[in-house]
Amino acid sequence: MKSYEIAVIKGDGIGPEIVDEAVKVLDAVSEKEGFRLNYKEYLMGGCAYEAVGTPIPDITIEGCRVSDAVLFGSIGGYKWDNLPREMKPESGLLKLRKELGLFANLRPVSVFDELVEASSMKPEVVKGVDLLVVRELTGGIYFGEPRVNDGQKAYNTMFYTKDEITRIAKIAFDSAMKRRKKLCSVDKANVLEVSRLWRATVDEMAVHYPEVEVSHMFVDNAAMQLVRDPKQFDVILTGNIFGDILSDEASMMTGSIGLLPSSSIGGIVGLYEPIHGSAPDIAGQGVANPLATILSASMMLRYSLGQERAADIIDGAIKSVLKDGYRTPDLANYHAKEVCSTKQIGLVIVDRIKRV
Ligand code: IPM
Ligand code: MG
């Protein structure tokens with residue numbers, strides 16, 4: 001039987017609850033499809049800081065490096081907000097992304113027909129939205145040097161090399177070729193040097209993809225266009241911080257930030273995580289929406305393990321569960337027939353998979 005090694009990082013806040021449900025779903029689908037997943041758990045984030053005094057122990061990085069894929073929940077919490085930067089949970093995640101070379105973060109945004117009214121945006125604006133944010137993940141202002149805060153002045157550096165832009169642009173163009181062949185590159189080239197290099201590099205790359213319709217948009221305009229007419233977008237290519245912001249904005253088209261999965265690729269191993277954070281305000285209450293994590297697990301099967309059919313089964317089960325009105329509390333007001341806890345919705349999905 002084919003078997004895969006999966007590094008599991010549950011993390012902080014709602015992380016453990018949502019990852020547990022994703023693992024149950026993975027077990028159900030792998031049993032059905034006849035392959036095996038061997039999980040090894042690793043610490044990262046605030047929980048790692050508490051246990052071993054660092055948000056990312058070496059053993060976690062090593063464990064991920066030798067695995068076939070990494071499934072990750074979320075990190076962070078109020079408790080660790082005032083730690084020095086290197087000790088903060090977020091630094092753990094950033095270091096892991098960097099060490100694994102995960103320079104490309106793919107965040108698909110598609111709206112389930114059953115949930116068009118759950119969005120804070122008008123149903124006719126969001127119905128049928130299907131876009132992909134390709135976010136650069138290991139460069140830009142998140143990592144640029146110098147960075148300083150001496151109590152009197154503070155600055156960060158938005159830094160990109162041409163090579164860094166080229167490799168993320170290639171991922172975005174390749175993604176566009178598999179989709180509707182439209183690519184919108186988002187920058188702030190009217191103000192920033194780094195954005196002018198970004199734009200010129202994307203244009204150079206475009207020559208190799210004559211079939212792809214390329215446009216450029218300033219980030220402020222893109223933020224506005226996303227809520228005005230999101231259906232104009234297919235692939236959105238952008239840098240680290242703009243992608244962070246625009247993908248949270250885009251998540252609201254789906255009705256809940258608890259619905260957006262992501263994959264981080266380009267390095268030695270793929271990492272799959274929901275785009276949302278650790279939601280410490282609802283942690284431990286059993287009310288978190290695990291669907292973004294379960295959808296991330298499906299992306300893991302599809303992109304890292306090549307188990308397409310298993311991924312289709314998960315995606316189909318989620319669709320049918322939503323269609324039948326099962327909702328976690330974040331979506332309770334929208335055609336809910338049954339409001340479920342985190343565990344209950346996990347079970348309903350597992351049940352569907354077993355019955356396919
Ligand atoms: C995300 C998160 C992270 C980021 C944080 C937790 C460091 O917001 O994955 O979008 O900013 O990249
Ligand atoms: Mg974010």
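Atoms within a ligand are numbered from 1 in the order they appear, just like the ligands themselves. When a residue number appears, it is its place in the shown sequence, counting from 1.
A salt bridge does not link K343 with D20: none of the charged nitrogens is closer than 4.0 Å to a carboxylate oxygen.
The shortest distance between side-chain heavy atoms of I171 and I265 falls below 4.5 Å. Using a 4.5 Å heavy-atom cutoff, the side chains of I168 and F103 are in contact.
Taking 2.8 Å as the threshold, D244 counts as a candidate ligand of the Mg ion (ligand 2), since one of its N, O or S atoms lies below it.
Below 30°, between 30° and 60°, or above 60°: for Y4 and F35 the angle between ring planes is above 60°, a perpendicular geometry.
Side-chain contact of E114 with H335: a donor-acceptor pair under 3.5 Å is absent, judged by distance alone.
Not close to ligand 1: H276, with no non-hydrogen atom less than 4.0 angstrom away.
Near R107, with a cut-off below 4.0 Å to any heavy atom, the atoms of ligand 1 are 1 (C), 9 (O), 10 (O). Residue contact check: R135 has heavy atoms under 4.0 Å from atoms 1 (C), 4 (C), 9 (O), 10 (O), 11 (O), 12 (O) of ligand 1. Remark: ligand 1 atoms within the under-4.0 Å shell around heavy atoms of R97 are 1 (C), 4 (C), 9 (O), 12 (O). Annotation for ligand 1: atoms under 4.0 Å from non-hydrogen atoms of Y142 are 4 (C), 11 (O), 12 (O).
Taking the ring axis of Y142 as reference, the NZ or CZ atom of R135 stays within 45° of it and closer than 6.0 Å to the ring centre. Figure legend: cation-pi geometry between K98 and F143, with NZ or CZ positioned under 6.0 Å from the six-membered ring centre and within 45° of its axis.
Residue contacts with ligand 1, taken as heavy atom pairs separated by less than 4.0 Å, do not involve K88 at all.
At the top of the distance list for atom 10 (O) of ligand 1, counting protein heavy atoms only, stands D244 OD1, 2.9 Å. Of the protein's non-hydrogen atoms, the one nearest atom 6 (C) of ligand 1 is E90 CG, 3.9 Å.
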